[in-house]
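Here the structure comes first, spelled out in structure tokens, and everything after it is commentary.
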Amino acid sequence: TVVNNTGVIEAKSLKNVNGTIVLDGGDQGVVRVGGSIDASGDEAGQTGGSIKVVGANTQVLAGTSLKASGTLAGGSIETSGTTLQIASGVNVDTSSTQGTAGEWLLDPMNITIADLATKGIDTSTSGTYTSSAESSILSVDTLNAALSNGSNVTIETNNKEAWNSA
């Protein structure tokens with residue numbers, strides 16, 4: 001299974017119903033996401049919805065926007081895969097203007113958080129990069145931007161001894 005999105009997907013909150021967006025490649029599939037995915041609740045009293053981007057190999061390309069923010073409370077965003085590739089320049093937003101921030105969950109097998117340029121990874125031409133089947137990578141710039149906009153970030157790995165900050 002291959003899920004490839006480079007456009008705009010919106011499922012914004014309406015009244016008391018939160019939007020939900022799921023891009024799921026299954027246990028063997030590839031999910032490649034670019035463009036804008038928006039499950040926000042930007043009107044007064046709304047909470048953010050949920051976004052799930054999951055597959056065996058999950059790639060979030062440079063310039064992608066994942067938004068589950070809300071006025072009353074932020075929503076949830078999950079990016080999971082055996083290998084997870086989160087490029088520089090990805091905007092992840094689960095913030096709230098009046099309440100509690102939501103959560104961005106990253107759930108790969110292993111992960112390295114690094115400055116992609118210093119690791120010799122070029123995302124300038126294709127907007128993506130390839131990690132080995134044994135390790136995933138998260139751009140430190142993307143992580144810092146998510147934390148700076150008020151999102152909570154949780155990083156879980158299936159291999160508890162494979163957490164690495166480079």
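FYI, the numbering just counts along the sequence from 1.
- A pairwise comparison of heavy atoms in I21 and E10 identifies CD1-C, 4.2 Å as the closest pair.
- With hydrogens and angles ignored, the 3.5 Å screen pairs no side-chain donor or acceptor of T20 with any backbone N or O of S50.
- Residues forming a salt bridge (charged side-chain N to carboxylate O under 4.0 Å, His left out) with D38 (at least two apart in sequence, or on another chain): K12.
- For the residue pair T71 and E43, the shortest heavy atom distance occurs at OG1-O, 2.7 Å.
- Follow the hydrophobic side-chain contacts under 4.5 Å out from I86 and you reach I113 in the same cluster.
- The two residues A68 and G49 come nearest to each other via the heavy atoms CB-O, 3.6 Å.
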Would D107 and I155 count as a side chain to side chain contact (heavy atoms under 4.5 Å, CB included) if you check the C-alpha gap in whole Å, the side-chain angles of each, and the deciding distance to 0.1 Å?
-> CA-CA 6 Å; D107 188 14; I155 301 171; over 6 Å; no

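- Contact check for N91 versus L66: no side-chain heavy atoms found under the 4.5 Å cut-off.
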Kindly indicate, with the supporting measurements, whether the criterion side chain to side chain contact (heavy atoms under 4.5 Å, CB included) is fulfilled by M109 and L84.
-> CA-CA 8 Å; M109 180 66 73; L84 180 59; over 6 Å; no

Tell me, with the steps shown, if E78 and T58 meet side chain to side chain contact (heavy atoms under 4.5 Å, CB included).
-> CA-CA 11 Å; E78 177 182 352; T58 301; over 6 Å; no

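- Between S96 and G99, the shortest heavy-atom contact is OG-N, 2.9 Å.
- Contact check for R32 versus L61: side-chain heavy atoms found under the 4.5 Å cut-off.
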Only pairs under 3.5 Å count here: list side-chain donor-acceptor contacts from residues 147-154, not counting sequence neighbours, and write none if there are none.
residue : atom : partner : partner atom : Å
S148    : OG   : N144    : O            : 2.9
N149    : OD1  : S151    : N            : 3.2
N149    : OD1  : S151    : OG           : 2.9
N149    : ND2  : V92     : O            : 2.8
S151    : OG   : T94     : N            : 2.7
S151    : OG   : T94     : OG1          : 3.0
N152    : ND2  : A101    : O            : 3.4
N152    : ND2  : G102    : O            : 3.1
T154    : OG1  : E103    : OE2          : 2.3

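- Defined by atom type and a distance below 3.5 Å, a donor-acceptor pair is present between the side-chain atoms of T47 and N18.
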Do S88 and S139 pass the side-chain hydrogen bond (donor to acceptor under 3.5 Å, both in side chains) test, and can you show the C-alpha distance, the side-chain angles, and the key distance before you say yes or no?
-> CA-CA 5 Å; S88 290; S139 162; 2.9 Å; yes

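- With hydrophobic clusters built from ILVMFWY side chains whose heavy atoms lie under 4.5 angstrom apart, V30 does not share a cluster with V54.
- Residues V33 and N4 have side chains not in contact (no heavy-atom distance under 4.5 Å, counting atoms from C-beta outward).
- Separation of atoms CD1 (I77) and NZ (K67) is listed at 10.5 Å; rounding is to 0.5 Å.
- Summarising the geometry, atom CD1 belonging to I111 is positioned 5.5 Å from atom CG belonging to L106; distances are rounded to the nearest 0.5 Å.
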What's the verdict on side chain to side chain contact (heavy atoms under 4.5 Å, CB included) for V22 and I51, showing C-alpha distance, side-chain angles and the deciding distance?
-> CA-CA 6 Å; V22 178; I51 298 171; over 6 Å; no

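- Side chain of S69 to backbone of D93: no donor-acceptor contact under 3.5 angstrom is found.
- Under the 4.5 Å side-chain heavy-atom criterion for Ile, Leu, Val, Met, Phe, Trp and Tyr, L143 and V60 are members of the same hydrophobic cluster.
- One distance of note links OG of S80 with CG of D24; it measures 10.0 Å at 0.5 Å rounding.
- A donor-acceptor pair under 3.5 Å is absent between the side-chain atoms of S40 and the main chain of D42, judged by distance alone.
- Side-chain heavy atoms closer than 4.5 Å link hydrophobic residues (I, L, V, M, F, W, Y) into clusters, and following such links, possibly through other members, connects I9 to V90.
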